[in-house]
There are 2 protein chains.
Amino acid sequence: MARTKEFDDLTAVTAARDVFWERGYGPTSLAQLMAATGLSKSSLYETYGSKRDLFTRAAENYLDLIINPRLGPLDAPGAGRDELIAYFTGLEAFFTKAPDRIARRGCLLLNTAMDLNDLDDEAAMLVSGYRERVFEAFRAVLGTLGRADAERRAQILTASQIGLMVTSRLDPAAAAQLAHALAEDVRTW
Amino acid sequence: MARTKEFDDLTAVTAARDVFWERGYGPTSLAQLMAATGLSKSSLYETYGSKRDLFTRAAENYLDLIINPRLGPLDAPGAGRDELIAYFTGLEAFFTKAPDRIARRGCLLLNTAMDLNDLDDEAAMLVSGYRERVFEAFRAVLGTLGRADAERRAQILTASQIGLMVTSRLDPAAAAQLAHALAEDVRTW
DNA sequence: GACATTCCGAACCGATCGGTCCAGAGTATC
DNA sequence: GATACTCTGGACCGATCGGTTCGGAATGTC
C-alpha cells in the first residue's frame with residue numbers, strides 16, 4: 001500500500017519539547033526544530049501543522065512526562081509530610097546531579113509565561129493551570145497535616161516552587177541549596 | 001552655538017524601560033521603542049547606540065527608580081520585622097490598586113532572565129546580581145531577629161519573592177493574596 | 001511493475017528585524 | 001545671516017523569520 005512512517009512521533013515531539021524548554025517559544029526557530037527532530041521543514045509542517053501546534057504537543061508531552069511523574073506522589077491518597085520532603089529532596093538531587101545544560105532549563109511553562117506577549121490566551125491558561133495544579137497538590141498534602149494555616153503555607157510554598165525553577169535558570173547550585181532548604185523547612189512543621 | 005536638545009533623557013529611557021518591562025527584550029522592536037519614546041530611529045541610534053545599549057540604560061533606570069526605593073528601607077540600619085512586613089504589604093497594595101497593565105509587568109530583570117538565550121553574560125550577571133541583592137537584604141533583616149534559621153528563611157523568602165513577581169504576570173489578584181500571605185507569615189515569626 | 005504513501009530539499013513568499021545613512025528642516029548662539 | 005548642532009523621515013541593507021508549495025526520490029504493499 002504505502003511507505004511506512006520512518007520517525008517516531010514521541011521521539012520527535014520530545015526533541016522539539018527540549019528545544020522549546022531550553023530556548024523558549026519565541027526564540028526557537030524552525031531551523032532549530034528541524035535540527036533537533038531530524039525532520040525536514042516540509043515534514044514538520046505536514047505532520048504538526050505549525051510551530052504553534054507543535055508547541056502545544058510539546059507542552060502536553062511536558063505535562064505527561066515531566067510534571068505528572070513528579071507531582072504524582074503528592075496526589076496519592078494518604079500523601080503527607082514525607083512525600084513533600086521527598087518531592088523537594090528529589091529536586092535537590094536533580095539540580096545537584098544533572099548536567100548544567102539540563103539543570104538550567106527551568107520549567108518549560110514558566111519560561112514561556114515570560115514570553116507571554118508572543119503567546120495567546122490558550123498558552124496563558126496553560127501556565128495558570130499549571131500553577132494551580134501545583135498549588136492544589138501542595139494544599140491537599142498540607143491539609144492532611146491538620147495545620148490551621150494550610151492555605152497560606154500552600155500559597156507560599158507554591159511561590160517558593162516557582163522561585164526555585166526560576167533560580168535554576170540563573171544558578172543550578174543555588175537552586176539545589178534552595179530545594180534543600182525547602183525540604184528542611186517542611187521537616188520542622 | 002547650536003540647537004538645544006528637545007527631549008529629556010530620563011523621560012525617554014523610562015519610556016523605553018516600560019516597553020522592555022512589559023514585553024521583554026527580544027520581543028520589543030525598534031518601532032515600539034520609537035513609539036514609546038517619541039524619538040525617531042535615527043535619534044535613538046545616535047543617542048543610545050543600539051537596542052542592546054538602550055536596554056542597559058533601561059535596566060539601570062529600573063534598579064535606581066524601582067528596585068532601590070522598594071528595598072531601601074530594608075537596608076536601613078535597625079530594620080527588622082516591621083520593615084519586612086511593610087515591604088510585603090506595600091507590594092500587596094500595589095498589586096491590588098495598580099491598573100492591570102501595570103500590575104502584570106512583573107519584574108523587568110526576571111522577565112529578561114527567561115529570555116536568557118538572547119542575552120549575554122552581562123545581562124545574566126545583572127539578573128543574578130539582583131537576586132543576590134534581594135537575598136542579602138532579607139538575610140540582613142532576618143539576622144537582626146536573632147533566629148537560628150535566618151539563612152534558610154532568607155533563601156526561602158527570596159524564592160517566594162521571585163515567585164511573587166512571576167505570579168503577578170499571570171494573575172495580579174493571586175499575587176496580591178500571596179503578598180498578604182507573606183506579610184502574615186512574617187508576623188508569626 | 002503499478003500504486004500509494006512518506007519524506008526531503010529547495011525554491012519561494014511576504015513580513016519583520018536591527019541597523020545604517022543622508023538630505024534637509026528646525027533651532028539655537030554669535 | 002553665518003554657523004553649529006539637533007532631530008526627523010525615509011530609503012535602504014542584509015538577514016532571519018514562519019510558512020507554503022512542488023518535484024522527485026525512497027519505500028512499502030499488492
Side-chain angles (χ1 to χ4, degrees), chain A residues 1-59 111-112 114-120 122-123, chain B residues 1-59 111-112 114-120 122-123:
Chain A
M1 288 276 282
R3 183 174 172 180
T4 55
K5 243 183 152 63
E6 286 179 1
F7 69 92
D8 180 56
D9 180 77
L10 177 62
T11 305
V13 170
T14 301
R17 178 203 71 188
D18 288 345
V19 183
F20 284 131
W21 198 350
E22 282 181 28
R23 305 193 39 84
Y25 175 77
T28 295
S29 70
L30 273 186
Q32 290 166 327
L33 293 171
M34 291 163 61
T37 59
L39 296 180
S40 70
K41 202 193 279 198
S42 340
S43 295
L44 276 178
Y45 177 75
E46 183 185 305
T47 309
Y48 300 106
S50 71
K51 179 186 173 186
R52 180 63 185 81
D53 293 334
L54 180 53
F55 177 77
T56 296
R57 291 291 313 277
N111 294 353
T112 61
M114 307 288 90
D115 246 324
L116 223 61
N117 309 96
D118 286 351
L119 297 181
D120 38 80
E122 185 198 333
Chain B
M1 287 277 283
R3 183 175 172 180
T4 54
K5 242 183 151 63
E6 284 179 2
F7 69 91
D8 180 55
D9 180 77
L10 177 62
T11 305
V13 170
T14 301
R17 178 203 71 188
D18 288 345
V19 183
F20 283 131
W21 198 350
E22 280 181 30
R23 305 194 37 84
Y25 175 77
T28 295
S29 71
L30 273 186
Q32 291 166 327
L33 293 171
M34 290 163 62
T37 59
L39 296 180
S40 70
K41 200 192 281 196
S42 336
S43 295
L44 276 179
Y45 177 75
E46 183 185 304
T47 308
Y48 301 107
S50 71
K51 180 185 173 186
R52 180 63 185 83
D53 293 333
L54 180 53
F55 176 77
T56 296
R57 292 291 311 278
N111 295 352
T112 61
M114 305 289 90
D115 246 323
L116 224 60
N117 308 96
D118 286 351
L119 298 182
D120 38 79
E122 183 198 332

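A note on names: the letters A, B, ... follow the listed sequences, proteins ahead of strands, and every chain is numbered from 1. Just so you know, these numbers come straight off a predicted model, no measurement behind them.
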Rounded to the Å, how far apart are [X] [atom1] and [N] [atom2]?
X	N	atom1	atom2	value
B:Glu46	D:dT8	CD	P	10 Å
B:Asp9	D:dC7	CG	P	11 Å
B:Met34	C:dT20	CE	C1'	14 Å
B:Leu33	C:dG18	CG	P	8 Å
B:Leu44	C:dG19	CG	C1'	12 Å

### Donor on one side chain, acceptor on other, A:Tyr48 and A:Asp9, under 3.5 Å
yes
### Task
Go along nucleotides 14-22 of chain D 5' to 3' and tag each nucleotide: B for a protein heavy atom under 4.0 Å from its base, S when only backbone or sugar atoms are that close, - otherwise.
---SSBBB-
Is the shortest heavy-atom distance from the side chain of [X] to the side chain of [Y] under 4.5 Å?
X	Y	value
A:Met34	A:Leu39	no
A:Glu122	A:Arg52	yes
B:Thr14	B:Arg17	yes
A:Gln32	A:Phe20	no

### Query
Taking only side-chain nitrogens and oxygens of B:Ser43, does any of them come within less than 4.0 Å of OP1 or OP2 of D:dC7?
no
#### Entry: A:Thr28 OG1 to A:Asp18 CG distance, which is reported to the nearest 0.5 Å
11.0 Å
